[in-house]
Trainee: 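Input: one structure, supplied below.
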Amino acid sequence: MSIFNYAGDPMPKQRNIKNILILSHAVVSVSIATILLVWIAVSQIHSIKEASISDMYRLSSSIVYGVSSEIEKMNTVSLSILYSNLIKNSFETYLKSTDNNPTEQYKNLKNLGDLLSSINIQNISVSEITLYDLEQGAYTFGVQSGFVDLNVKDQSWYLQALKNKGVKYITLPYTDPELSSKTTYKKDRQYISLVRSYFYNYNTPQGFVEVKQDLDTIFNVFESVIQPSNYEFIILNGNGIPIYPLEKQNLDFTKYYNAYLQVDSGNFVELKNPQTREKEIVMFEKIDNCDFISVIIINKVTLFKQVYQFIFKFILISIGIVIWVIWISFYLSKKITNPIIDIYYNVKNIDINQNEFMPNEYKGSNIREIDALWVALKVSHTRLQDSMKKLIISKQQDMQ
């Protein structure tokens, strides 16, 4: 058969009606499933992201408030000593009484200890308080109280605290094995110190007050927020050095600190983890009464894990539905095309001289239009036979 029509143009490519039905149903099913998947996934991602941001704000507020409260307690102890002339005078008197009789020294020592004890109890106790004289050593108050032979100029914080001129200076975490051995079973317990200088009249430096507190007490709020969450928490100091948790102190958070410098406190950024290269959502918030920075991080894969699991399950279910739709389409297409094929082969093999219209058996399709087509063809065959008979009779009469 020629592939050209009567006008000489190529015939369009012919397709099987069965394939058309199956393909159309499959396309419709896949399209509906894809639209539903995209809509549900987008709405779920948006909902989860909004809930996560709300959680991060809540957790950040808890951390900022908890840490700020502990730092404020240390600061209050420090200021109480700084503004107490009784304590400063008692400390000076004690230093000047070192050459006097033991009874007088004990009296001065007890008086100084009682004054510091009253301040420490009022403000909830800190790990240790130390008063430094610029020349004659120091007095410690804590688990053990007494005069210690310490030179303030040998302390790591001395130059910075002197430069601050009475403004508080908070040190980096450090270990104090001697203090830890007296207060806790943890030999590697870390502490930070809040240090400030105090002065004679006319702003002449007189000495320093060091208030020491262990990290676990300062960051005890972490115990209530870390365990039940998928977030990662870090506290950086004003120079971007990680302070807490302890296991993160040796990690490099330069990229996060640089991002913090470019955004306002309380804002979010999206970063790639320097080690894993995975995308993360990061929230920064500055702790007001110190230079600490609260950092909350969540991995986007972890955040949207439920969505990804849902998408995977949805795709599996969709594949099952599409297969089921294709099977239904195949069954329905057979029900439509098989009767048409039967009619096609009967019409192809039709013989005008046969009395029976259908040389092959036709079982019917239970489809009104197809059965009506078969009836119409059968009626046309009968009429054609009648016409042929009349024509033959007419020719025979003409011959006679």
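Here the structure is a predicted model, which is why all the values come from computation and not from measurement.
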Trainee: Run the salt-bridge test on Lys300 and Glu270 with the 4.0 Å N-O cut-off and return the result as yes or no.
Mentor: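 The answer is yes: the pair qualifies as a salt bridge.
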
Trainee: Please report the closest heavy-atom contact between Gln213 and Val126, naming both atoms and the distance.
Mentor: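 Taking Gln213 first and Val126 second, the nearest heavy atoms are NE2-CA, 3.6 Å.
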
Trainee: So, do Tyr198 and Tyr83 have ring centers that fall under 6.0 Å from each other?
Mentor: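 Tyr198 vs Tyr83: aromatic centres not under 6.0 Å.
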
Trainee: Going by atom types only, do Asn289 and Glu72 share a side-chain donor-acceptor pair under 3.5 Å?
Mentor: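 Distance-only check passes for Asn289 and Glu72.
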
Trainee: If we ignore angles and hydrogens, is there a donor and acceptor under 3.5 Å between the side chains of Asn220 and Thr217?
Mentor: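 Per modelled atom types, Asn220 and Thr217 side chains form no pair under 3.5 Å.
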
Trainee: For the atom pair CG (Asn75) and CD (Glu70), what is the distance rounded to the nearest 0.5 Å?
Mentor: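 Reported value, rounded in 0.5 Å steps: 13.0 Å.
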
Trainee: Flag the pair Leu236 / Ile234 as yes when at least one side-chain heavy-atom distance between them is below 4.5 Å, and no otherwise.
Mentor: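 Result yes, sub-4.5 Å side-chain heavy-atom pair found.
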
Trainee: Regarding Gln249 and Gln190, do their side chains bring together a donor and an acceptor under 3.5 Å, going by distance alone?
Mentor: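 Yes.
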
Trainee: In this structure, which one of Ile192, Val67, Asp216 forms a side chain to side chain contact (heavy atoms under 4.5 Å, CB included) with Tyr244?
Mentor: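 Between Tyr244 and the candidates, side chain to side chain contact (heavy atoms under 4.5 Å, CB included) is satisfied uniquely by Asp216.
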
Trainee: Looking at side-chain heavy atoms only, is the closest gap between Ser60 and Ile63 below 4.5 Å?
Mentor: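 When only atoms from C-beta onward are counted, Ile63 and Ser60 do not touch, as no gap falls below 4.5 Å.
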
Trainee: Take atom NZ of Lys255 as the centre, draw a 6.0 Å sphere, and report whether it contains more than 12 heavy atoms from other residues, nucleotides or ligands.
Mentor: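 Enclosed.
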
Trainee: Establish, yes or no, whether a centroid distance under 6.0 Å links the rings of Phe284 and Tyr260.
Mentor: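 Distance test on ring centres: under 6.0 Å, yes.
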
Trainee: Under 4.5 Å between any side-chain heavy atoms of Val295 and Val282, yes or no?
Mentor: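 Yes. Closest side-chain heavy atoms under 4.5 Å.
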
Trainee: If you measure from the Lys or Arg side-chain nitrogens to the Asp or Glu carboxylate oxygens, is any gap between Arg58 and Asp55 under 4.0 Å?
Mentor: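 Here Arg58 pairs with Asp55 in a salt bridge, since their nearest N and O are under 4.0 Å apart.
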
Trainee: I'd like to know if the side chain of Ser197 reaches the main chain of Gly166, judged simply by a donor and an acceptor atom lying under 3.5 Å from each other, with no hydrogens or angles considered.
Mentor: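 Yes, because the side chain of Ser197 sits within donor-acceptor range (under 3.5 Å) of the backbone of Gly166.
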
Trainee: Spell out, as yes or no, whether a donor-acceptor pair under 3.5 Å connects the side chain of Ser78 to the backbone of Met74.
Mentor: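 Looks like no, no N/O pair under 3.5 Å.
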
Trainee: Where do Phe141 and Thr130 land on the side chain to side chain contact (heavy atoms under 4.5 Å, CB included) test, with the steps shown first?
Mentor: CA-CA 6 Å; Phe141 175 82; Thr130 306; over 6 Å; no

Trainee: What are the two closest heavy atoms between Tyr174 and Leu172, and how far apart are they?
Mentor: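 Looking at all heavy atoms of both residues, the shortest contact is CD2-O, 3.4 Å.
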
Trainee: Above 12 or not: heavy atoms from other molecules or residues under 6.0 Å from CG of Asn250?
Mentor: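 Counting other residues, nucleotides and ligands, CG of Asn250 stays at 12 neighbours or fewer.
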
